[in-house]
Amino acid sequence: MVNPGAIYVCGATAVGKTSHALALARELAGEIVNGDAYQLFRGIETISAAPSEEEKAAAPHHLFGVLEPGEDCNAGRYAEMAGEVISGITSRGKTAIVVGGSGLYLKFLTHGASPLPKGDKALREEMEKRPLEDLLAELEKLDPVEAAQVDRCNPRYVSRALEICLLTGEKASELRDSWEEKTRSLEASLNGVWLIREREELHRRIGIRTRQMLDEGAIGEVAKLDGISGTWEKAIGVKEIRRLLAGEISREECEELIVFATRQYAKRQETWFRREKWLKRVEL
RNA sequence: GGCCCAAUAGCUCAGUUGGUAGAGCAGCGGAUUGAAAAUCCGCGUGUCCCUGGUUCGAAUCCGGGUUGGGCCA
């Protein structure tokens, strides 16, 4: 499951991962592998801040724009795709440079998937209609340990826990434990960096990039994909641009809202990567 | 120049009949193995514009001022 040959380049959005990875690729004659949940999709290159054509020409790039906007993706599927690509690169004697900011996706790649079942769309839709207390009560019956451990305020986590129990007939808490046990020793063989910038500087870069995105086609991307639903819709900026297109907010308000959401995302990414102790910190 | 209205957290604003203040947003911190750019949790001392006064007690009532806005000249 682990890919010891690969080098991971992680960090918050707009920190400068792409250019850092390109420099690394040149140095090592390496190949870039996307580690970003939304850059997987075709048609949202601008809004997902995917590398430009020029950047992609500078080194071999993999897993950018490989999914149709109508498709759904998840961490397990990503890790499978990326694992194959990395093996291919390694077998050619090259270095894979995985660059991205999607913590959970990367974690699946570096630590492997737990033995838990993947999400079940129909079951989720059904659970979404039930009140949280109801889901908690059922989880309580099937797996009291998990019911005590989960974030009981977060409907996503509660329903996921219940989903695992219903799908496997086993206890989610026990399945999770076995995975954590197995992955504990993997980190010694991992190689990666966490790119860091001061908050103020990161915010400045987010502001600049958001303005560019809106100037350079993000609005058109969202307009063009109107009516197509899927994972892509949850990208930051989509709901804001939809409000702009609907005339609910001005261009300035739209930009401001995207900046806010992006900053908050960057903070969540930092919180995630801070816990990944195997990453070497690199201040930019 | 005269009259009227506003002034409270970084921003937009609440604040009941006087008992020294609280929402949303922003910001900050955190959780997070199959929706993750998702989802969720925690964090609010601020000259209540200034200044006199009334009162046991004023963001709240009264006078004067300052700033902004509106109306009339």
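All chains are named by letter (A, B, ...) in the order of the sequence lines, taking the proteins before the strands, and each is independently numbered beginning at 1.
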J.: Roughly how many Å is it from CD1 in A:Ile258 to P in B:rA26, rounded to a whole number?
T.: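 One finds 14 Å between P of B:rA26 and CD1 of A:Ile258, rounded.
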J.: Rounding to an integer number of angstrom, what distance separates B:rC4 and B:rU51 when you compare their C1' atoms?
T.: 22 Å
J.: Starting from C1' on B:rA36, measure out to OH on A:Tyr157 and report it in whole angstrom.
T.: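 The answer, rounded to whole Å, is 7 Å.
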J.: Should A:Arg199 be listed as having a side-chain N or O under 4.0 Å from OP1 or OP2 of B:rG29?
T.: yes
J.: Strictly by Watson-Crick or wobble contacts shorter than 3.5 Å, is anything paired with B:rG18, and which nucleotide is it?
T.: none
J.: Across all strands shown, which nucleotide pairs with B:rC48 by Watson-Crick or G-U wobble geometry, both distances under 3.5 Å?
T.: none
J.: Is it true that A:Glu255 and A:Arg251 have a side-chain N and a carboxylate O under 4.0 angstrom from each other?
T.: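 Between A:Arg251 and A:Glu255 there is a salt bridge, with a charged N closer than 4.0 Å to a carboxylate O.
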J.: Is any side-chain nitrogen or oxygen of A:Tyr105 closer than 4.0 Å to OP1 or OP2 of B:rA36?
T.: yes
J.: Phosphate oxygens OP1/OP2 of B:rG30: is one of them under 4.0 Å from a side-chain N or O of A:Arg274?
T.: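 Answer yes for this pair, as a side-chain N or O of A:Arg274 is under 4.0 Å from OP1 or OP2.
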J.: Can you tell me the Watson-Crick or wobble partner of B:rG27, both distances under 3.5 angstrom?
T.: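 Pairing partner, where one exists within any strand: B:rC43.
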J.: Take the protein atom CG of A:Leu123 and the nucleotide atom P of B:rG34, then report the distance between them rounded to whole Å.
T.: 14 Å
J.: When you measure from the side chain of A:Ile236, which nucleotide among B:rA37, B:rA31, B:rG27 comes out closest?
T.: B:rA37
J.: Can you tell me how far the CG atom of A:Leu142 sits from the NZ atom of A:Lys171, to the nearest 0.5 Å?
T.: 9.0 Å
J.: Considering only the C1' atoms, how many Å lie between B:rG46 and B:rA59, rounded to the nearest integer?
T.: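 Looking at atom C1' only, B:rG46 and B:rA59 are 12 Å apart.
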J.: Taking only the P atom of each, what is the distance from B:rA9 to B:rC50 in whole angstrom?
T.: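 Between the two P atoms, the distance is 11 Å.
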J.: Just checking, is any N or O donor in the side chain of A:Arg209 or A:Thr262 under 3.5 Å from an acceptor N or O on the other one?
T.: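 A:Thr262 and A:Arg209 do not have a side-chain donor-acceptor pair below 3.5 Å.
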J.: Sticking with atom P, work out how far B:rA14 lies from B:rA23, rounded to a whole angstrom.
T.: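 Looking at atom P only, B:rA14 and B:rA23 are 16 Å apart.
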J.: Would you measure the distance from the C1' atom in B:rG44 across to the matching atom in B:rA26 and give it in whole Å?
T.: 13 Å
J.: Which base sits across from B:rA7 as a Watson-Crick or G-U pair, both distances under 3.5 Å?
T.: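 Per the H-bond distance test, B:rU66.
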J.: Between A:Thr183 and A:Gln264, name the one whose nearest nucleotide on RNA chain B is closer to the 5' end.
T.: A:Gln264
J.: Over how many whole Å does the gap from A:Trp272 atom CH2 to B:rA36 atom C1' extend?
T.: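 The distance from CH2 of A:Trp272 to C1' of B:rA36 comes to 7 Å, rounded to the nearest Å.
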J.: What's the closest nucleotide to the A:Arg156 side chain, out of B:rU39, B:rG27, B:rG34?
T.: B:rU39
J.: Using atom P in both nucleotides, what's the gap between B:rG68 and B:rU8 to the nearest angstrom?
T.: 15 Å
J.: Check whether any side-chain N or O of A:Lys267 sits under 4.0 Å from OP1 or OP2 of B:rG30, and answer yes or no.
T.: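 Yes, because at least one side-chain N or O of A:Lys267 sits under 4.0 Å from OP1 or OP2 of B:rG30.
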J.: Under a 3.5 Å distance rule, please check whether A:Glu240 uses its side chain to pair with a backbone N or O of A:Gly237 as donor and acceptor.
T.: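 Checked: pair present.
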J.: Nearest-nucleotide wise, let me know which of A:Pro155 and A:Ser48 is further upstream toward the 5' end of RNA chain B.
T.: A:Ser48
J.: Quantified in whole Å, what is the C1' atom distance between nucleotide B:rA21 and nucleotide B:rG57?
T.: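 After rounding to an integer number of Å, I get 16 Å for this pair.
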J.: For B:rA73, give the paired nucleotide (Watson-Crick: N1-N3 plus N6-O4 or O6-N4; G-U: N1-O2 and O6-N3; both under 3.5 Å), or none.
T.: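 Pairing partner: none.
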J.: Roughly, in whole Å, what's the span from CZ in A:Arg160 to C1' in B:rA31?
T.: 17 Å
J.: Counting only distance, no hydrogens or angles, is the base of B:rA38 paired donor-acceptor with the side chain of A:Tyr38 under 3.5 Å?
T.: no
J.: Quick test of your reading of the model: are A:Lys17 and A:Asp36 salt-bridged, counting only N-O distances below 4.0 Å?
T.: no
J.: At 4.0 Å (heavy atoms only), tell me whether A:Glu128 reaches a base, stays on the sugar-phosphate, or touches nothing.
T.: base
J.: Counting only side-chain N and O atoms of A:Gln39, is one of them less than 4.0 Å from OP1 or OP2 of B:rA37?
T.: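 The answer is no; no side-chain N or O of A:Gln39 sits under 4.0 Å from OP1 or OP2.
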J.: Under 4.0 Å between a side-chain N or O of A:Ser102 and OP1 or OP2 of B:rA37?
T.: yes
J.: Expressed in angstrom and rounded to an integer, what is the separation of A:Glu256 atom CD from B:rA26 atom C1'?
T.: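 Answer to the nearest Å: 8 Å.
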J.: For A:Lys182 and A:Ser178, does a side-chain donor sit closer than 3.5 Å to a side-chain acceptor?
T.: no
J.: Could you tell me how far apart A:Glu163 (CD) and B:rA36 (P) are, to the nearest whole angstrom?
T.: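 Taking CD of A:Glu163 and P of B:rA36, I get 13 Å after rounding.
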J.: Could you check which nucleotide pairs with B:rA35 in any of the strands shown, counting Watson-Crick or G-U wobble with both distances under 3.5 Å?
T.: none
J.: Among the nucleotides B:rA36, B:rA26, B:rG34, which one has an atom lying closest to any side-chain atom of A:Phe108?
T.: B:rG34
J.: Which nucleotide wins on minimum distance to the side chain of A:Phe260, given the candidates B:rC41, B:rA38, B:rA26?
T.: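 Of the candidates, B:rA26 comes closest.
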J.: Looking only at the side chain of A:Asn74 (C-beta and beyond, no hydrogens), which of the listed nucleotides B:rG34, B:rU39, B:rA37 gets closest?
T.: B:rG34
J.: Would you kindly give the CZ-to-P distance between A:Arg124 and B:rG34, to the nearest whole Å?
T.: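 Roughly 8 Å, once rounded to whole Å.
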J.: Please determine whether a side-chain nitrogen or oxygen atom of A:Thr271 lies at a distance below 4.0 Å from atom OP1 or OP2 of B:rG30.
T.: yes
J.: With a 4.0 Å cut-off on heavy atoms, is A:Asp36 in touch with a base, just the backbone sugar-phosphate, or nothing at all?
T.: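 The answer is base, as A:Asp36 lies within the cut-off (heavy atoms under 4.0 Å) of a base atom.
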J.: Find the distance between CZ (A:Arg204) and CD (A:Glu198) and round it off to the nearest 0.5 Å.
T.: 11.5 Å
J.: Is A:Arg268 close enough to B:rA31 that one of its side-chain N or O atoms is under 4.0 Å from OP1 or OP2 there?
T.: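 Checking A:Arg268 against B:rA31: no side-chain N or O falls below 4.0 Å of OP1 or OP2.
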J.: Go through A:Arg77 and A:Glu71 one step at a time and tell me if the salt bridge (charged side-chain N to carboxylate O under 4.0 Å, His left out) criterion holds.
T.: CA-CA 12 Å; A:Arg77 182 177 177 195; A:Glu71 287 184 78; 2.8 Å; yes
J.: What interatomic distance, in whole Å, is found between C1' of B:rU54 and the corresponding atom of B:rG27?
T.: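 These two C1' atoms come out 41 Å apart once rounded.
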